[in-house]
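First comes the structure, then the notes that go with it.
Being a predicted model, the structure only gives us computed values, none of them experimental. Atoms within each ligand, like the ligands themselves, are counted from 1 in listed order.
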Amino acid sequence: EKGGYEHFMLKEIHEQPKAITDTYRGRLLRNEAIIKMAGVEDNMKKFLNANRIIIVACGTSWHAGLVAEYIFEDLSRIPVEVEYASEFRYRNPIIDENDIVIAISQSGETADTLAAIKLAKSKGAFVFGVCNVVGSSIARETHAGAYTHAGPEIGVASTKAFTTQITVLTLMALRLARAKGTISSSEFRQHLLELEMIPNKVEKALEADAHIREIADLYKDSRNCLYLGRGYNFPVALEGALKLKEISYIHAEGYPAAEMKHGPIALIDENMPIVVIATKKGHYEKVVSNIQEIKSRKGKIIGIVTEGDEQVRALADHVIEVPETLESLSPLLTTIPLQLLSYHIAVLLGKNVDQPRNLAKSVTVE
Ligand code: F6R
């Protein structure tokens, strides 16, 4: 059942090229230069008239929501707020029939997310679900939705659910951008082309596996770890830190790289590994100067870089390469080495990767 892999998590990490392809299949029609999503099409008026989109989710799905915030605002020019479902539901939110709520959930059973949906509906909002499990409670409770077609995710640490959620949300943002005219037709076509190339590039990113295992071996005994990223890759830093925490029990924090100097920099010494997402597009020079700041404090730098990068390579203790893509699609690639890094650290420490202590696959209690 693990398809020759030692753990479900590793199997699911490696399934991402297929899962992403399955998720855009039949929706991304590149030759016709269109995106077809019934749940969006049928409610186009609501989407076009919406004052704002509020995304509610928990955990890794919330991180996918944060990535979506960048994509929706950047491409479709719709204001987006991203909320933890547990906070949203208990703080008397200001929301009405001109708002669209997008609920993201792999399992479709998360209690807080389900409660947030019910609250939003009671205030008249239109609620759209992005779920993986077909026929789940959240899928049934929402007005419309789009499934991720990741297939069953068994490992407690979410991997392919995350990248397929980002895929669905990217398709939605592109579809709405086209309808609103906030993206040119050539830019739209370029996005379709690049998105279609992502599964092959994920495959390529997965080839760093053995190199990542070596890095994992060097840092597995660390007590703390920082993850830094900017822009589209800030949420990826949060997700990288969550992955490490949940399966290896090493304390980790994700930060926007520029926030480092507002506090976390005090933690940096020669014992602190810092994973920095420093891909070519997206504030590259700024991230390079953040790396210099870390280096002068003797922090150990693991850079996630674009293939062929030289500048970060010259500064960092280690680099892990991912193929080049559009900035907006880069989270689909930069996430991969972070999943593998936490996987290998947890395995090397002898932890139960697929069923970490204290965690459940679906959190049906609040
Ligand atoms: C992390 C993880 C959790 C879930 C969270 C939401 O790897 O699995 O943080 O992402 O419990 O679950 P869903 O997406 O099922 O609502």
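Aromatic ring centroids of Tyr232 and His283 lie 6.0 Å or more apart. Side-chain rings of Phe128 and Phe47 approach one another, their centers coming within less than 6.0 Å. Between His14 and Tyr5, the distance separating the two ring centers is shorter than 6.0 angstrom. For an aromatic pair to be called close, the ring centres must be under 6.0 Å apart, and His7 with Tyr343 satisfies this.
Heavy atoms of Ile138 stay at 4.0 angstrom or farther from ligand 1.
The nearest heavy-atom contact from the protein to atom 12 (O) of ligand 1 is Thr110 OG1, 3.5 Å. In terms of protein heavy-atom proximity, atom 5 (C) of ligand 1 is closest to Cys58 O, 3.7 Å. Of all protein heavy atoms, the one closest to atom 11 (O) of ligand 1 is Val363 CG2, 4.0 Å. Taking atom 7 (O) of ligand 1 as the reference point, the nearest protein heavy-atom neighbour is Glu246 OE2, 2.6 Å. Of the protein's heavy atoms, Thr60 N, 4.1 Å lies nearest to atom 3 (C) of ligand 1.
One hydrophobic cluster holds both Val322 and Tyr70 under the rule that ILVMFWY side chains link at heavy-atom gaps under 4.5 Å. With hydrophobic clusters built from ILVMFWY side chains whose heavy atoms lie under 4.5 angstrom apart, Leu75 shares a cluster with Phe72.
Between Lys201 and the options Glu321, Glu207, Glu194, a salt bridge (charged side-chain N to carboxylate O under 4.0 Å, His left out) holds for only Glu194. When Arg27, Arg175, Lys36 are each tested for a salt bridge (charged side-chain N to carboxylate O under 4.0 Å, His left out) with Glu41, only one passes: Arg175. Checked options Leu192, Leu29, Leu174; the residue passing with Ile34 is Leu29 (criterion: side-chain contact (heavy atoms from CB on, under 4.5 Å)).
Contacts of Lys361 with ligand 1, taken as heavy-atom pairs under 4.0 Å, are absent altogether.
Near Ala157, meaning under 4.0 Å from one of its heavy atoms, ligand 1 places the atoms 7 (O). Listed by atom number, the atoms of ligand 1 under 4.0 Å from Val156 heavy atoms are 7 (O), 8 (O). Taking every non-hydrogen atom of Lys243 and a distance limit under 4.0 Å, the qualifying atoms of ligand 1 come out as 1 (C), 7 (O). Within ligand 1, the atoms closer than 4.0 Å to a non-hydrogen atom of Ser158 are 7 (O), 8 (O), numbered from 1 in the order shown. Less than 4.0 angstrom separates some heavy atom of Ser105 from each of these atoms of ligand 1: 13 (P), 14 (O), 15 (O), 16 (O).
Taking any N or O of Ser107, backbone or side chain, at least one lies under 3.5 Å from an N or O belonging to ligand 1. At under 3.5 Å, not a single nitrogen or oxygen of Gly108, backbone or side chain, sits near a nitrogen or oxygen of ligand 1.
Judged by distance alone, with hydrogens and angles left aside, the side-chain atoms of Ser248 form no donor-acceptor pair with the main-chain N or O of Lys245 at under 3.5 Å.
Looking at Gly59, Ala57, Ser61, it is Ser61 that brings a heavy atom closest to atom 14 (O) of ligand 1.
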